Amino acid sequence: METVRSCGCKGIRTCLICEKEYSISKLNLASDLQKQETYVYCPYCNKAWPGWNYNEFKVHPNHSGNPIDYPGVYIQMDFLSIEEANSLMKDLDSLPWDISQSGRRKQNFGPKCNFKKRRLRLGEFTGFPKTTHFVQEKFSNVELLNDFQTIEQCSLEYNPDRGASIDPHIDDCWIWGERIVTVNIVADSVLTMTPYLENSRYNLDCVSSQKLIGNEKCVTKPSGENIVVRIPMPERSLIVLYGEARYAWEHAVLREDINSRRVCIAYREFTTPYLPNGDHNSESVEIFQQATNFWS
């Protein structure tokens, strides 16, 4: 549907507002996925156990059933204190929110990217809000992120009144690096992971140019088509996807998993070619300079 919609949706993306206005029927993805072999990832034992409900990880260590290994996930509980989360939310809400697709709102700080033509430019990027600086500073205390250089920071709001969600996808691999970082500020939520068994989308051809964590030679495809893994995103936690979870699985936030206002901040880094000494570093030098700025 190519109709311009005031809600912010376009193409196949929809929310409750435009679905009602244009009589659009939306597939109940949650219902279909629950018919498959489903697992819930436990951040305490780093395995995925049979189940669907978000809270099932909380029974640790008294899990039941046979678990599967699920590499490429890091979760730090209570990454933000209650006071830090409350202060951060107040500061974010003092900034303007922009409408986005699928019932979301966003605050985006980063360079201008043309994903179809693989073109990068500075655009209006001048750095990040000073009130969010402390979050990036806390990354240095996480071994997996001690050399992480934030290039894009995007606040995202999911509101159940708008039917907010994000469809299954893999973050672009041409420009965004291996580590996909999310700080979940308000409300527990869950990432729903489904295997991606093709090779034709998402610029996955660029992965071979990446210096992967652990110097992995390649990323293997999931062995089964009908496996669903649910990754908890507790309130105030830090979540990092990398390796196989980053490149071999699509991730989604289902509408059915948004029961109250959820706000998170997503952080992205550059791919290897845009880092110092990379083949395209000349295109990113000025962007790196602006990414060190935190404005009031």
Side-chain angles (χ1 to χ4, degrees), residues 30 40-44 46 48 52-58 60 70 72-93 95 97 100 102-110 128-129 131-139 141-142 144-145 148 150 152-169 171 176 179-193 229-242 245-246 249-269:
V40 176
Y41 182 83
C42 175
Y44 299 115
N46 299 317
W52 173 267
N53 293 330
Y54 160 89
N55 285 322
E56 291 181 20
F57 79 92
K58 296 181 179 179
H60 177 86
Y70 194 76
V73 179
Y74 173 82
I75 299 175
Q76 181 174 321
M77 311 290 276
D78 300 321
F79 178 72
L80 299 177
S81 68
I82 295 175
E83 294 76 15
E84 287 173 332
N86 290 340
S87 176
L88 185 57
M89 275 308 310
K90 181 179 179 180
D91 291 330
L92 291 180
D93 280 335
L95 299 171
W97 287 91
S100 186
S102 303
R104 290 169 287 145
R105 293 198 302 169
K106 66 181 181 180
Q107 299 167 337
N108 196 61
F109 307 100
F128 310 108
T131 52
T132 67
H133 189 193
F134 79 96
V135 182
Q136 291 192 34
E137 287 184 316
K138 290 169 76 75
F139 290 168
N141 298 321
V142 179
L144 185 62
L145 300 178
F148 188 89
T150 300
E152 182 187 68
Q153 174 181 303
C154 186
S155 312
L156 292 167
E157 178 199 67
Y158 291 76
N159 193 318
D161 295 337
R162 298 172 63 90
S165 65
I166 188 165
D167 291 340
H169 69 286
D171 283 28
W176 303 140
R179 292 165 291 189
I180 301 300
V181 179
T182 303
V183 176
N184 199 49
I185 308 170
V186 172
D188 295 340
S189 191
V190 59
L191 274 180
T192 298
M193 313 292 291
V229 176
R230 306 259 286 168
I231 299 178
M233 296 190 292
E235 186 174 64
R236 300 185 290 106
S237 65
L238 168 75
I239 299 94
V240 184
L241 300 183
Y242 61 96
R246 159 75 164 107
W249 296 71
E250 292 184 300
H251 60 272
V253 176
L254 305 179
R255 175 180 292 176
E256 291 78 7
D257 291 321
I258 302 298
N259 300 310
S260 60
R261 186 194 187 204
R262 178 208 174 208
V263 177
C264 66
I265 303 181
Y267 295 87
R268 302 293 178 261
E269 63 181 338

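Here, residue 1 is the first one in the sequence, and each next residue gets the next number. Since the model is a prediction, treat every value here as computed from it, not as a measurement.
Scanning for side chain to side chain contact (heavy atoms under 4.5 Å, CB included) contacts around Lys58 gives Tyr54, Asn55, Asp188, with sequence neighbours left out. Judged as a side-chain hydrogen bond (donor to acceptor under 3.5 Å, both in side chains), and not counting sequence neighbours, Lys106 has no contacts. Asp78 is linked by a salt bridge (Lys or Arg N to Asp or Glu O under 4.0 Å) to Arg236, counting only residues two or more places apart in sequence or in another chain. Every residue two or more places apart in sequence or in another chain was checked for a salt bridge (Lys or Arg N to Asp or Glu O under 4.0 Å) with Arg262, and none qualifies. For the salt bridge (Lys or Arg N to Asp or Glu O under 4.0 Å) test, residues two or more places apart in sequence or in another chain that qualify with Asp171 are Arg268. Residues that satisfy the salt bridge (Lys or Arg N to Asp or Glu O under 4.0 Å) test with Asp93, not counting sequence neighbours, are Arg261.
Residues Phe139 and Tyr267 place their aromatic rings such that the two centres sit under 6.0 Å apart.
Formation of a donor-acceptor pair under 3.5 Å by the Asn86 side chain with backbone atoms of Met89 is not found in this model. Remark: side-chain polar atoms of Arg255 are not paired, donor with acceptor, to backbone N or O of Ser165 under 3.5 angstrom. Side chain of Gln107 to main chain of Leu92: a donor-acceptor pair is present (N/O by atom type, distance under 3.5 Å, no hydrogens or angles). Using a distance-only test at 3.5 Å, with no hydrogens or angles considered, a donor-acceptor pair links the side chain of Asn184 to the main chain of Met233. Proximity of a side-chain donor or acceptor of His251 to a complementary backbone N or O of Pro168 within less than 3.5 Å is not detected. Here the side chain of Arg104 pairs no donor or acceptor atom with the backbone of Ala164 at under 3.5 angstrom.
With respect to Glu56 and Arg230, no salt bridge is recorded, no charged nitrogen being found less than 4.0 Å from a carboxylate O.
Counted by atom type alone, Asn46 and Tyr41 present one or more donor-acceptor pairs between their side chains at under 3.5 Å.
Taken to the nearest 0.5 Å, the CD1 atom of Ile75 stands 10.5 Å off from the OG1 atom of Thr182. Taking CD1 of Ile239 as the start and CD1 of Ile231 as the end, the distance is 9.0 Å to the nearest 0.5 Å. Ser100 OG to Tyr158 OH: the interatomic distance, rounded to the nearest 0.5 Å, is 8.5 Å. Taken from CD1 in Ile185 to CG in Leu80, the straight-line distance is 6.5 Å, to the nearest 0.5 Å. Ser81 contributes atom OG, which lies 6.5 Å from atom NZ of Lys138 (distance to the nearest 0.5 angstrom). Atom CD1 of Ile82 sits about 13.5 Å away from atom OG of Ser87, to the nearest 0.5 Å.
Residues Thr131 and Leu88 fail the side-chain proximity criterion, which asks for heavy atoms closer than 4.5 Å. For the pair Asn108/Cys154, a side-chain contact is recorded, criterion being any heavy-atom separation below 4.5 Å from C-beta on. Met193 is not listed as a side-chain neighbour of Val73, based on a closest heavy-atom distance of 4.5 Å or more.
Across all non-hydrogen atoms, the minimal contact from Ile258 to Ser189 is CD1-OG, 3.8 Å. The minimum heavy-atom distance linking Phe79 with Val142 is given by the pair CE1-CG2, 4.1 Å. In terms of heavy atoms, Phe57 sits closest to Pro234 at CZ-CG, 4.2 Å.
A 6.0 Å sphere centred on OH of Tyr44 holds no more than 12 heavy atoms belonging to other residues, nucleotides or ligands.
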Let's go through Trp97 and Val263 carefully: what are the C-alpha distance in whole Å and the side-chain angles of both, what is the deciding distance for side-chain contact (heavy atoms from CB on, under 4.5 Å) to 0.1 Å, and is it a yes or a no? CA-CA 12 Å; Trp97 287 91; Val263 177; 4.0 Å; yes
